[in-house]
Amino acid sequence: MPICAPVKETAFETATAHPVVSAPDIEVQIAEAARFTRRHLIASIYRATSGHPGGALSCADILATLFGAELNVWPSSVNDPQRDRFVLSKGHACPTLYAIAAWHGFCDKKESLNLRKLGSPFQGHPHVKDLPWVETSTGSLGQGFSVAMGMAMGLRMQKIRARVYTLLGDGEMQEGSVWETAMCSAHHKLDNLCAIIDYNKMQSDALNEEICGIAPLADKWRAFGWEVFEIDGHDIPQILSTFHRAATTRGKPSCIIANTIKGKGVPYMEGSPAWHGSVKLSHEQAETALQALGCTAEEIKEFLDV
Amino acid sequence: MPICAPVKETAFETATAHPVVSAPDIEVQIAEAARFTRRHLIASIYRATSGHPGGALSCADILATLFGAELNVWPSSVNDPQRDRFVLSKGHACPTLYAIAAWHGFCDKKESLNLRKLGSPFQGHPHVKDLPWVETSTGSLGQGFSVAMGMAMGLRMQKIRARVYTLLGDGEMQEGSVWETAMCSAHHKLDNLCAIIDYNKMQSDALNEEICGIAPLADKWRAFGWEVFEIDGHDIPQILSTFHRAATTRGKPSCIIANTIKGKGVPYMEGSPAWHGSVKLSHEQAETALQALGCTAEEIKEFLDV
Amino acid sequence: MSENNAPALIGSSGDSLREAFGKELTRIAPEYPKLVVLDADVAGGTGVHHFRKAHPDKFIQCGIAEQNMVAAAAGLAATGMIPVVTGFACFLERAYEQARLSVGYARRNVKIVASHPGLDVGPDGGSAQALEDLAAFRAIPGMVVISPADPIEQALATRAILEYDGPVYMRTGRSGSVRLFNDDHVFEIGKGQIIRHGLDVTLVACGVEVARSLKAAELLAEEGIEARVVNMPTIKPIDEALLKRCVLETGCLVTAEDHNIYGGLGSAVAEAVTKNRPCPIEMIGLKDSFGTSGEPDELAEHFQITAPYIAEAARRAMARKEHLQ
Amino acid sequence: MSENNAPALIGSSGDSLREAFGKELTRIAPEYPKLVVLDADVAGGTGVHHFRKAHPDKFIQCGIAEQNMVAAAAGLAATGMIPVVTGFACFLERAYEQARLSVGYARRNVKIVASHPGLDVGPDGGSAQALEDLAAFRAIPGMVVISPADPIEQALATRAILEYDGPVYMRTGRSGSVRLFNDDHVFEIGKGQIIRHGLDVTLVACGVEVARSLKAAELLAEEGIEARVVNMPTIKPIDEALLKRCVLETGCLVTAEDHNIYGGLGSAVAEAVTKNRPCPIEMIGLKDSFGTSGEPDELAEHFQITAPYIAEAARRAMARKEHLQ
Ligand SMILES: Cc1ncc(C[n+]2csc(CCOP(=O)(O)OP(=O)(O)O)c2C)c(N)n1
Ligand SMILES: Cc1ncc(C[n+]2csc(CCOP(=O)(O)OP(=O)(O)O)c2C)c(N)n1
Ligand SMILES: [Mg+2]
Ligand SMILES: [Mg+2]
């Protein structure tokens, strides 16, 4: 397993401060974290014999960037009221969250491979119990977003300048409560709230447009009063700069529509809803995936030997 | 009580046919029906000692037009599978529905004044039981719209060319399930579905924009894939022609945003959310309201003597 | 005319449970700096208009969007606030799954306070009469479920739920209510009380049915039957010890609630009784039917949950007890 | 690689309850021309992918929007269709209030069929394990609630709910299930059956707990205890007559369900028993706790709802019966 030091293990910084590393440096670090994240999540889903690889892979770059450069939260500050919050509203992608958390030292890299097992805190969907850095329990689409809005309100009421980030799926846009939250957040001018949509064009069964079309998505969010950014969700510099623009948006919440590829990084999964979940990866499939993600034979052995 | 013959007591017509009366004639008849409706609902709410007059008055012209010229449903055809359906999604405005139904002979004018009483089928919110012309039970905002969508699907599956109309409140736009239905109806290209929004700018407690802003409303519906018409919801010729345009829209559902005045027709109620509900009308208030609605002293006595 | 022609809001009598709740919450708010109240455009009906007026900065208007409101409350709680979510009982059911996951499963310190429960909403009709809320919320693991009987108890319960750390569902009520208790009344989550002594039968009730059970006990007393009356404001966790004692001492029970007979107080009592010492139980409540329009008292009569029916149930329970012996 | 590298879907074994449901529905569909199936993007998990394939024109994809789906089904029913709403049990709770009003109150002929109930969803974890669905839906007036025990019964129940005119909530299951019944098995809404004879204690179970209760009876038999086993696939309306008989003949009961001990089968049985002839009841189910990740069988063990725990509960129930005599 590639042992890389986490990007930040430093002291607590203020809500608006960003790590003082030069841009290219941090981009390289984030890319490395994203690579680790993809490998780790494939391994954990393989070991679990079930899970949702497609939507976990599509958001790896987003989460790597968020944890690598945007969130002012470190293992030492998980209980600090001043910390930024991240809510994984599309809870089924938690292997990505566990992986990036492991990368940054919130949990043990090896232990967090113990996914979906009885007694493990790394449940099939994120649960607050036993994982202090999981901000709320999710798994039922739509709810995490509403909870995140409540957090943004709570922080503002307590005059805490931290920000709240939440990641939603595009299929999740079909849940009505998402639009309740969108409307209410805009009404309350929650500019400390940022929703990122993992726009991978696919949901559980098929393409969004086959199941229930959500286009034009940006128009919807604008009509609901949000500042909207449309980006390539695998372009780390673009994600970074968009987070910055979102953080400086005043008077309304920000929505980042991140165009992504479901299964990104594992060629045989890319662009196929079949890999949404709950799928069981064979040893060969996991191996092929890790090869595609650049693992050495030794790393593959370490990841897959249970 | 003004005894006027219902506009239609004729035989059943096809889904697309409109009554063969000249335009001015029908407009006069609808205006008369609307006048009756407003008087009747004030009387029934007065007698019930509770109810929601504001939002009942704002939709009187819309319902009078719908029942007077658009819906191919008559007392003799309430069980005809080919009939058009009307769903009052903002169920608290049912005194308007009961009044226009009484006007058209679906129920007894006098009996339908017996609102909200034990044993009366005219409950505080519409219920299918004992009232065959009530198409679904409503009262919980948002649900009627979803039910209407299901009806539109059911009719299409059975190759019935009838149309489904539903009336929603503007406060109701805050319910997430409304946007689920909006998205799903557009996806399924339900051009036999027409949603009318009673845009009276007010809800239970205050103005929409104080509670939770819903503007820009037309943009929202367009972004959700609907054909949108914005009209004056008290201008009968405009309502009529818009129904016609909606009925000829193909490939998508139609949304008519009807700008209205809450409490319309009763000056002291107009523009005040205080008259939303559940309010008790004093005898004097009811009298003043009926006077404003052009009732003679005799008619007032007949309406208010319990 | 508009000024002095203000509408008379229905049921805003000072002795309703919602008023007791709203006023007490407003009064004690300064003691709970993290308290925040959420509303979905029905503040005028839940009693929290008092709170909004006094503490506008602690009042969050969510619009007509109960799902978002309940999950948002979980988010507020996650930041250390103490959110009190208010609404009409039937519409709060819209957020059942949010109450389950974001509140219950995450075990957030959220208080859901529901007015207009049971037949209480009266003329609005069956659509608005929540007769399944106690059952639904009781089934959520870890959720405390409370239904006080009078304004004094409602006020005490209001403080108690703020003191308690965890998810709570509490009923209030819109109708004018009978005052049953004095200022020295004690409310403790999980505890019921014997409020009338008797050894022939125990009437276990919550909410509006407590007053009716007391009346039933009077009717029975006229026949020489000594009915014990237990006020059981906490439906979950139910006071098993007290029930055990009542079964031992009176040998049969009647439960009375403004709720479906399936899943609410009656079931909680039946579960406890069959788990400990079983005895005959007769249940008063709606017999798996929806409500309809009418005044709450008329409806109570219509659906047979008033004192005479409770008394009749007591006679049946006693007859069954005899039969067993 | 993409072609022959197709993912293996978990739990799609041919003997799961969802498969039995999905296949039977597909098979008998031609007999019910008004039948229509609704899905919220989980057809692959509920068994109705079979139906979609065979009858695409009778399949409505609603997207991930359970609220709209359930109320839309009411609308379809209003036009004379027979809608079968499918989904995972936990997510169908999202539409609880729609089930209450648009389906239950309007009494529409809608069938809500929920897969992944209880601990059945396993590794997905506590968020997805619906342990309160029987309680919540049972509380809705007029709602029939069913939880079959094996594929044969599931298939029979599938036809039975289509024949029945009114709202129904029915569980299926994703895990491979034990086959208990032969082709001559009979399922009738509202009827339970004695599937093993015995006079010492009755084990009343539904769903996956029926097989476990049979195993418990075997364990007990080794000790010379003759446990009767009752399969109770209809939780509502509960078979009161059968329960009465069991109480009379065995004097004590154990209930077993993959559900919270509050509000489900155990409560339904306790209500019926205390209403008729009371007796000791021990309840097996989750003790008011949420689930967690793990394989269903492991979880059943962890939460103590397997055969040894049922057997132990039977011993407790019998001891309490003795004590009473
Ligand atoms: C309310 C709810 N309904 C259904 C599900 C089941 N489910 C889990 S993931 C999923 C598809 C999600 O699609 P999307 O949001 O696009 O996620 P992604 O593509 O990023 O994996 C569904 C339907 C759920 N989790 N929550
Ligand atoms: C789900 C739900 N929540 C709350 C209510 C209570 N309620 C009844 S009417 C109303 C205001 C509705 O406002 P609007 O839709 O604008 O109706 P109108 O102004 O036409 O009367 C509210 C909040 C309800 N009926 N349903
Ligand atoms: Mg997607
Ligand atoms: Mg309005």
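In what follows, chains are A, B, ... by sequence order, proteins preceding strands, each numbered from 1.
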Task: Portion of R108(C) that has a non-hydrogen atom of chain A nearer than 4.5 angstrom - done: side chain
Task: Nearest-0.5 Å distance that lies between atom NZ in K34(C) and atom CE in M157(A) - done: 10.0 Å
Open item on the list: Any donor-acceptor pair under 3.5 Å linking the side-chain atoms of Q67(C) with those of S146(A)?
Closed with: no
- [ ] Calculate, to the nearest 0.5 Å, the distance between atoms CD and OG1 belonging to E135(A) and T79(C) respectively.
- [x] 10.5 Å
Task: Heavy-atom donor-acceptor pair, H187(A) side chain to G63(C) backbone, under 3.5 Å - done: no
Open item on the list: So, taking the atom named OG1 in T136(A) and the one named CG in L101(C), what distance separates them when rounded to the nearest 0.5 Å?
Closed with: 7.0 Å
Task: Any donor-acceptor N or O pair under 3.5 Å, side chains E97(C), S140(A) - done: yes
TODO: Answer yes or no: are there more than 12 heavy-atom neighbours, outside K275(C) itself, under 6.0 Å from its atom NZ?
DONE: no
Open item on the list: As an exercise, state the distance from CD of E180(A) to CD1 of I64(C), rounded to the nearest 0.5 Å.
Closed with: 10.5 Å
Open item on the list: Under 4.5 Å from any heavy atom of chain A, what part of L38(C) do you find: side chain, backbone, both or neither?
Closed with: neither
TODO: Against chain A, label V70(C) side chain, backbone, both or neither, depending on which of its atoms sit under 4.5 Å from a heavy atom there.
DONE: neither
Open item on the list: Please identify, among Q61(C), M69(C), R107(C), the residue contributing the most non-hydrogen atom pairs under 4.5 Å to chain A.
Closed with: Q61(C)
Open item on the list: Heavy-atom pairs under 4.5 Å with chain A: which of P33(C), C62(C), A72(C), A95(C) has the most?
Closed with: A72(C)
TODO: Just give me the residue among E66(C), R100(C), Q98(C), K58(C) that pairs up with chain A most often, heavy atom to heavy atom, under 4.5 Å.
DONE: Q98(C)
Open item on the list: Under 4.5 Å from any heavy atom of chain C, what part of M153(A) do you find: side chain, backbone, both or neither?
Closed with: both
Task: N68(C) versus T181(A), side-chain donor and acceptor atoms under 3.5 Å - done: yes
Open item on the list: Quick one: does any side-chain atom of Q143(A) pair with a main-chain N or O of A71(C) as donor and acceptor, under 3.5 Å?
Closed with: no
